[in-house]
Amino acid sequence: MLLSRILTALIGIPVVLAAIHFGGVIYMAFVGCVILLCLYEYGLVLTAGKKPVHMPSLMIFGLLMAVVAVLGRSGAAGLELPDNLYPFSVSVVIFGVLLFEVLTPKRSWDRVCNTFTGVFLIPWSLAHLVNLRDIATYGEYLTLFMIITVWVCDTGAYFSGRFFGRHKLNQEVSPKKTWEGSVGGTLLAVGGAVLMRHLFLSTRFSVKEAVLLGLLIAVVGQVSDLAESVIKRSTGVKDSSNLLPGHGGFLDRFDSYLLLAPLFYYVVLYTL
């Protein structure tokens, strides 16, 4: 288990770092693939737990929400977007999902709600990874700052929990997570945030701000992880898929960013 976890990380980490570095269309395509895979796994998890979900609506309108989230912040020359892009797109999603349901045999309101959750939660949130990367001058470094801090937090929580874990964080939602692991991951995340600030963001924010951002990333990232665990726990599924040996699926690996990516983006955009 640990060996496969390490081998997957050795392959995956350079791919993620390279995509962030190149940015532009390459990074957008990378995030787009992640979003589609996470949407697909979300559908698989619900289906495995006998929870109704409409896969065509999930994929079609989920991709629409991702595109809108990115284009809404785009400054591309010659790109003219309507003033009411967001409410228009939400209206299209609501109309489209409900239309699909009306035309589907054995109609189910539970299926509508499960589909809406996937459409609005996954692509809308993860698309902010692209918006963060597109911030002028510091976008690459801010993206690295957030993603690497999450990695450090996850790694610290894993090993702290493995060696020192005694008190369960939330037995019902995630039986293996402990308070000791959470605290250990948070402390290492703060240390990693301060280190990265010194390496490539010393002119963007202070050490105090780096500590606060490290705390924000660690706490919100872990809460986001637990939120995704609630979905899996409600369906009796352990991992979203087995596409990433030792790590589960893409939704398992990117669950920390569901709540974190939008919050971190707007905190950086409007306060720093």
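It should be emphasised that the depicted structure is a prediction, and the values quoted were computed from it without experimental measurement. Residue numbers run from 1 in the order of the sequence given.
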Backbone N or O of Val173 within a donor-acceptor pair of the Asn170 side chain at under 3.5 Å?
yes
State, yes or no, whether a side-chain contact exists between Arg133 and Thr143 at a heavy-atom distance under 4.5 Å.
yes
Run the side-chain hydrogen bond (donor to acceptor under 3.5 Å, both in side chains) test on Glu101 and His54 for me, step by step, so that the C-alpha distance in whole Å, both residues' side-chain angles and the decisive distance to 0.1 Å come before the verdict.
CA-CA 8 Å; Glu101 191 60 37; His54 199 276; 5.5 Å; no
Roughly how far, to the nearest 0.5 Å, is the NZ atom of Lys176 from the OG atom of Ser229?
11.5 Å
Quick check, are the ring centers of Tyr266 and His128 under 6.0 angstrom apart?
yes
Common cluster, Tyr42/Val230, ILVMFWY with side-chain heavy-atom separation under 4.5 Å
no
Could you go through the ring pair (Phe, Tyr, Trp, His ring centres under 6.0 Å) check for Phe205 and Tyr138 one step at a time?
CA-CA 11 Å; Phe205 45 77; Tyr138 294 98; 8.6 Å; no
Looking at Val119, Leu63, Ile122, which one forms a side-chain contact (heavy atoms from CB on, under 4.5 Å) with Leu58?
Val119
Please check if any side-chain donor atom of Ser240 sits under 3.5 Å from a side-chain acceptor atom of Asp252, or the reverse.
yes
Is there a donor in the side chain of Ser241 and an acceptor in the side chain of Glu41, or the other way round, less than 3.5 Å apart?
yes
Does any donor atom in the side chain of Thr186 or Gln222 lie under 3.5 Å from an acceptor atom in the other side chain?
yes
Do Arg197 and Ser202 come close enough that some side-chain heavy atom pair is under 4.5 Å?
yes
Could you check whether the rings of Tyr141 and Phe200 sit parallel, tilted or perpendicular, using 30° and 60° as the cut-offs?
parallel
Could you tell me whether the side chain of Ser89 and the main chain of Leu85 form a donor-acceptor pair under 3.5 Å?
yes
Looking at side-chain heavy atoms only, is the closest gap between Phe22 and Phe30 below 4.5 Å?
no
Taking C-beta and beyond as the side chain, do Asp110 and Val53 meet within less than 4.5 Å on heavy atoms?
no
Taking side chain as C-beta onward, heavy atoms only, is Tyr158 less than 4.5 Å from Asp154?
no
May I ask you to check whether Trp124 and Tyr86 place their ring centres under 6.0 Å from each other?
yes
